[in-house]
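Structure first, then comments.
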Amino acid sequence: MTTTGSRRIEAFESAMSEAARHLATGDAKSAFACLERAHVLGQLDFVPHLRVHWRMLRVGWAAGDRREVAGQLMRIALVPVGHLVGRLPVGNTGGANVSAFKPMAIPPDLERLIENCDR
């Protein structure tokens, strides 16, 4: 039987793969949109959370977006701290265009995947 957490991680991995496909075709905007979904799904777990920020950094770099690169470097440094103190802004999409500390509404399709997970 598949648990909600497993479906959440499967959806995370799917979003990460889709982002890689978009980036491979040079579509950084679509890649980043997939990574924002992956961030919402993966931020509850340390390794997926860190992975998605590294990927966001790569997309920002590929797009030549200095603001995104700087924002992701800061977020990569903050991920361990956030997990250690248990202060993660649930629903935050992870991009430099939003505060790293701002909780955000979770889209209903993603909420169903994470609602039974420990926060």
Side-chain angles (χ1 to χ4, degrees):
M1 181 170 157
T2 304
T3 65
T4 300
S6 295
R7 287 194 313 255
R8 178 178 57 86
I9 294 303
E10 288 170 9
F12 167 83
E13 293 296 346
S14 177
M16 293 289 281
S17 294
E18 187 175 349
R21 286 190 297 275
H22 285 298
L23 189 58
T25 64
D27 187 356
K29 184 176 180 179
S30 294
F32 206 84
C34 293
L35 292 174
E36 289 175 321
R37 290 178 59 80
H39 184 270
V40 172
L41 293 166
Q43 77 180 131
L44 300 175
D45 300 298
F46 179 75
V47 172
H49 193 187
L50 197 56
R51 280 180 56 210
V52 75
H53 281 296
W54 275 108
R55 187 73 58 89
M56 286 177 160
L57 173 66
R58 289 178 54 200
V59 171
W61 184 270
D65 186 339
R66 287 189 245 175
R67 181 173 179 250
E68 192 63 49
V69 168
Q72 291 309 318
L73 288 172
M74 180 194 69
R75 284 161 175 78
I76 289 166
L78 289 173
V79 166
V81 176
H83 281 273
L84 282 172
V85 300
R87 298 280 315 239
L88 299 169
V90 175
N92 187 291
T93 54
N97 62 328
V98 297
S99 168
F101 306 102
K102 179 183 180 182
M104 299 172 74
I106 301 171
D109 63 321
L110 301 184
E111 178 67 34
R112 284 189 291 277
L113 293 168
I114 64 175
E115 65 188 358
N116 293 326
C117 297
D118 292 333
R119 291 191 182 168

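Any value given below was found using the heavy atoms of this structure, including those in side chains, with hydrogens, waters and symmetry copies removed.
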Heavy-atom closest pair, residues [X] and [Y]:
| X | Y | answer |
| --- | --- | --- |
| Pro48 | Gly42 | CB-O, 3.7 Å |
| Gln72 | Ala96 | NE2-N, 3.9 Å |
| Asn92 | Gln43 | N-OE1, 3.7 Å |
| Leu88 | His49 | CD2-CE1, 3.8 Å |
| Ala20 | Arg55 | CB-NH1, 3.7 Å |
| Leu23 | Ala62 | CD1-CB, 4.1 Å |

Measure the spacing between [atom1] of [X] and [atom2] of [Y] and express it to the nearest 0.5 Å.
| X | Y | atom1 | atom2 | value |
| --- | --- | --- | --- | --- |
| Arg51 | Met56 | CZ | CE | 13.0 Å |
| Trp61 | Leu73 | CH2 | CG | 9.0 Å |
| Ser17 | Phe12 | OG | CZ | 9.5 Å |
| Leu57 | Ile76 | CG | CD1 | 4.5 Å |
| Asp109 | Leu41 | CG | CG | 8.0 Å |
| Arg21 | Ser30 | CZ | OG | 12.0 Å |

Self-check item: From CA spacing to verdict: side-chain contact (heavy atoms from CB on, under 4.5 Å), His53, His39
Solution: CA-CA 8 Å; His53 281 296; His39 184 270; 3.0 Å; yes
Shared hydrophobic cluster for [X] and [Y] (ILVMFWY, side-chain gaps under 4.5 Å):
| X | Y | answer |
| --- | --- | --- |
| Val98 | Phe32 | no |
| Val40 | Leu113 | yes |
| Val47 | Trp54 | yes |
| Val52 | Ile106 | yes |
| Val69 | Val79 | yes |

Quiz item: side-chain contact (heavy atoms from CB on, under 4.5 Å) between Met104 and Thr93: does it pass, once the steps are laid out?
Solution: CA-CA 8 Å; Met104 299 172 74; Thr93 54; 4.0 Å; yes
Quiz item: Do the side chain of Ser14 and the main chain of Glu10 share a donor and acceptor less than 3.5 angstrom apart?
Solution: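 Not a single qualifying donor-acceptor pair exists.
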Quiz item: With distance as the sole test, does Arg87 use its side chain to make a donor-acceptor pair with the main-chain N or O of Val81 at under 3.5 Å?
Solution: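 It does not hold such a pair.
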Does some side-chain heavy atom of [Y] sit less than 4.5 Å from a side-chain heavy atom of [X]?
| X | Y | answer |
| --- | --- | --- |
| Val59 | Glu68 | no |
| His83 | Leu50 | no |
| Glu36 | Asn97 | yes |

